[in-house]
Amino acid sequence: MNMSDLLAYLIAGLLLIQAGLRAKSAVRGHKRDRSLWGAFVAFAAAWLSRTTAGYAVLDSLDLPDLAYFVKHVLSIIGICVILRYVTAVYRTAGPDGERSRAIRLSAIVHRVATRASVATVLVMAVIFFFLLGKPDTATPYFMERHRGEAALAVYMGLFYLYSGVAAAVCAVQWGGAVKDAPFRSLRNGLRMMSTAMVITTIYSVLRIAFLFVITFSQVSDGTEHTQEMVTDTLLYMCFLFWGLGAIAPATHAARERYHALRSLVVLNPLWRQLALRFPDAVRHRPSTFFTRITAKAARLDTVRDLLFSPDPSLPARLDRFAMDIRDVIFLLRQHAPDDLAERAFARAEADLRPQHATEVQAEALWIRAALAMADEPKHEPAGVSAPYPFAPGATPREEVTHLRDLASAYRLTTPADAQSLLICQPTGRS
């Protein structure tokens, strides 16, 4: 395997991995993800068709240079789909989804590019199958195989003209969308993808220039080799920047999922205990399948709740946990004594633990004691709700942070703390 094949397989593999990661979103019908998935698949197939194995498979169909034609068509399809992705990115990058003149221009460009791609492929197909002469198989380069032919100049001129114009449009649109991107990883991704399209534009210009040179004059083998090496390097750089740029926004989502999972792990013990006591108050009941089999398998139920719940995403699951905890606390207020909060504050101030604030400790003690009260067999809920002077987070993010602290403090409380709190008398807050 030569270096060109190795790089082609590496790039195709990276593109297919990204396509695989986006397959679920593409199937669900998200236009932006579906467009990017299509571009990855088309370009991966184009890179595979330029390998030695790809040439061998396609040339076995007894159509000379078919591998080159397939590569060119797949590249045009990939470029056309990228323009569709550009439209989707530009439409969603602006604040509040505003539809500016640039966004409308992007949509127009996509519609024109779709028609242009169809026309380009049709003209190239007619030239390839009916007008190109017999190739010179002594060289592996397509333009050198048909040097001097007027049909080659039209065929490759159309291909590189389409590629260059489309790349320039992508560079301008992605570059213009940077300032309105809502988060840094998307801005960095747009910059890298814009850089990739600038490189592609330069690549197309150089290839067109060389096309005219070999159409009207002869060049040495050294010049031919140098040109191929320079333009191939630009092509590799283009896909490197574009691939990294396409990945960059995903790091934001990955970071969000990671933080959500960490929060879910912290909240799960508190959520699970509350949800098991009031299963009708939560949106999805906690799993008890493995616990019913053996107590040692209880952790498998936890894993099932954390990773395999019906929520569409981990952040959505975290939101559900937070809402469930608050809903159950609301029900607990009907079981708690009116002065339970006062008792909890007094106990927290007397037994201050440095890792948690007094109010958080008091809230954890209140929940533990109210839950113990609700578990008493003969206890009936009161007609009114007990005071609950513990403030939630002002924003969803602050609420999750607060609930994490609360869950950590709750884990340090015991049933003995609850019983002690329920039988004691409030001493007043200092």
Side-chain angles (χ1 to χ4, degrees), residues 3-4 7-8 11 43 46-47 49-50 55 64-65 67-80 82-83 109 112-113 116-117 119-128 131-175 192-242:
M3 182 58 65
S4 178
L7 290 172
I11 293 173
F43 283 129
W47 278 98
S49 67
R50 64 176 282 156
Y55 285 136
D65 290 344
Y68 297 98
F69 177 71
V70 170
K71 177 180 68 174
H72 296 150
V73 172
L74 287 172
S75 298
I76 289 176
I77 292 173
I79 293 168
C80 182
I82 278 186
L83 287 171
V109 167
V112 172
S117 63
T120 301
V121 169
L122 289 176
V123 173
M124 288 174 60
V126 171
I127 294 174
F128 180 84
L131 299 180
L132 284 179
K134 186 177 180 180
D136 177 10
T137 56
T139 176
Y141 307 123
F142 182 74
M143 289 200 298
E144 287 297 307
R145 287 175 174 235
H146 298 276
R147 74 167 79 192
E149 296 184 36
L152 174 71
V154 178
Y155 177 92
M156 296 304 299
L158 281 173
F159 175 71
Y160 289 123
L161 180 63
Y162 180 90
S163 302
V165 171
V169 170
C170 290
V172 172
Q173 296 292 73
W174 276 331
M192 284 188 283
M193 290 191 292
S194 181
T195 301
M197 294 301 103
V198 170
I199 294 173
T200 303
T201 304
I202 296 172
Y203 165 85
S204 299
V205 171
L206 291 178
R207 295 289 281 179
I208 289 174
F210 184 71
L211 176 64
F212 277 99
V213 169
I214 64 172
T215 300
F216 298 105
S217 63
Q218 295 289 330
V219 297
S220 65
D221 292 340
T223 301
E224 175 188 334
H225 179 74
T226 300
Q227 180 274 149
E228 292 289 343
M229 183 179 65
V230 170
T231 53
D232 277 355
T233 301
L234 290 175
L235 197 59
Y236 297 141
M237 289 176 60
C238 160
F239 276 89
L240 174 64
F241 276 102
W242 182 66

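- When all heavy atoms are compared, the tightest approach of A167 to M197 is O-CB, 3.1 Å.
- The two residues T215 and A153 have their closest heavy-atom pair at OG1-CB, 3.9 Å.
- In this model, a donor atom of one side chain and an acceptor atom of the other lie less than 3.5 Å apart for H146 and E149.
- Of the inter-residue distances, the one linking I127 atom CD1 with L152 atom CG reads 9.5 Å to the nearest 0.5 angstrom.
- The aromatic rings of Y68 and Y55 sit tilted, their planes meeting at an angle between 30° and 60°.
- Residues M143 and F210 form a side-chain contact, since some pair of their non-hydrogen atoms from C-beta on lies under 4.5 Å apart.
- Annotation: side chain of F159 is in contact with side chain of I76 (closest heavy-atom distance under 4.5 Å).
- Side-chain contact check for Q227 versus R207: some heavy-atom pair is nearer than 4.5 Å.
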Point to revise | Worked check of side chain to side chain contact (heavy atoms under 4.5 Å, CB included) between W174 and I82 | key: CA-CA 11 Å; W174 276 331; I82 278 186; 3.6 Å; yes

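- Counted by atom type alone, T223 and S220 present one or more donor-acceptor pairs between their side chains at under 3.5 Å.
- Annotation for L206 and T231: closest pair CB-CG2, 4.2 Å, computed over non-hydrogen atoms.
- Side-chain contact check for L235 versus W47: some heavy-atom pair is nearer than 4.5 Å.
- Residue G157 comes nearest to L211 through the heavy atom pair N-CD2, 3.4 Å, listed as atom of the first residue, atom of the second, then distance.
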Point to revise | side chain to side chain contact (heavy atoms under 4.5 Å, CB included) evaluation trace for S163 with I79 | key: CA-CA 7 Å; S163 302; I79 293 168; 3.5 Å; yes

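- Under the 4.5 Å side-chain criterion, counting only non-hydrogen atoms from C-beta, T233 is in contact with M237.
- Tested against C238 for a side chain to side chain contact (heavy atoms under 4.5 Å, CB included), the candidates T200, I202, T201 yield a single pass: T200.
- Contact check for S4 versus Y236: side-chain heavy atoms found under the 4.5 Å cut-off.
- Pairing each heavy atom of A67 with each of S49, the nearest pair is CB-O, 3.9 Å.
- In this structure, the ring of H225 has its center no less than 6.0 angstrom from the ring center of Y141.
- The shortest heavy-atom contact between C80 and Y162 is CB-OH, 3.6 Å.
- Classified by interplanar angle (parallel below 30°, tilted 30° to 60°, perpendicular above 60°), the ring pair W242/F43 is perpendicular.
- Note: Y155 and F142 have tilted aromatic rings, judged against thresholds of 30 and 60 degrees for the angle between ring planes.
- Here the side chains of L83 and C170 are in contact, with some heavy-atom distance below 4.5 Å.
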Check your understanding: Would M156 and M124 count as a side chain to side chain contact (heavy atoms under 4.5 Å, CB included) if you check the C-alpha gap in whole Å, the side-chain angles of each, and the deciding distance to 0.1 Å?
Key -> CA-CA 8 Å; M156 296 304 299; M124 288 174 60; 5.9 Å; no

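- Between D65 and the options K134, K71, R145, a salt bridge (charged side-chain N to carboxylate O under 4.0 Å, His left out) holds for only R145.
- Under the 3.5 Å distance criterion, the side-chain polar atoms of S217 are left unmatched by any main-chain donor or acceptor of I214.
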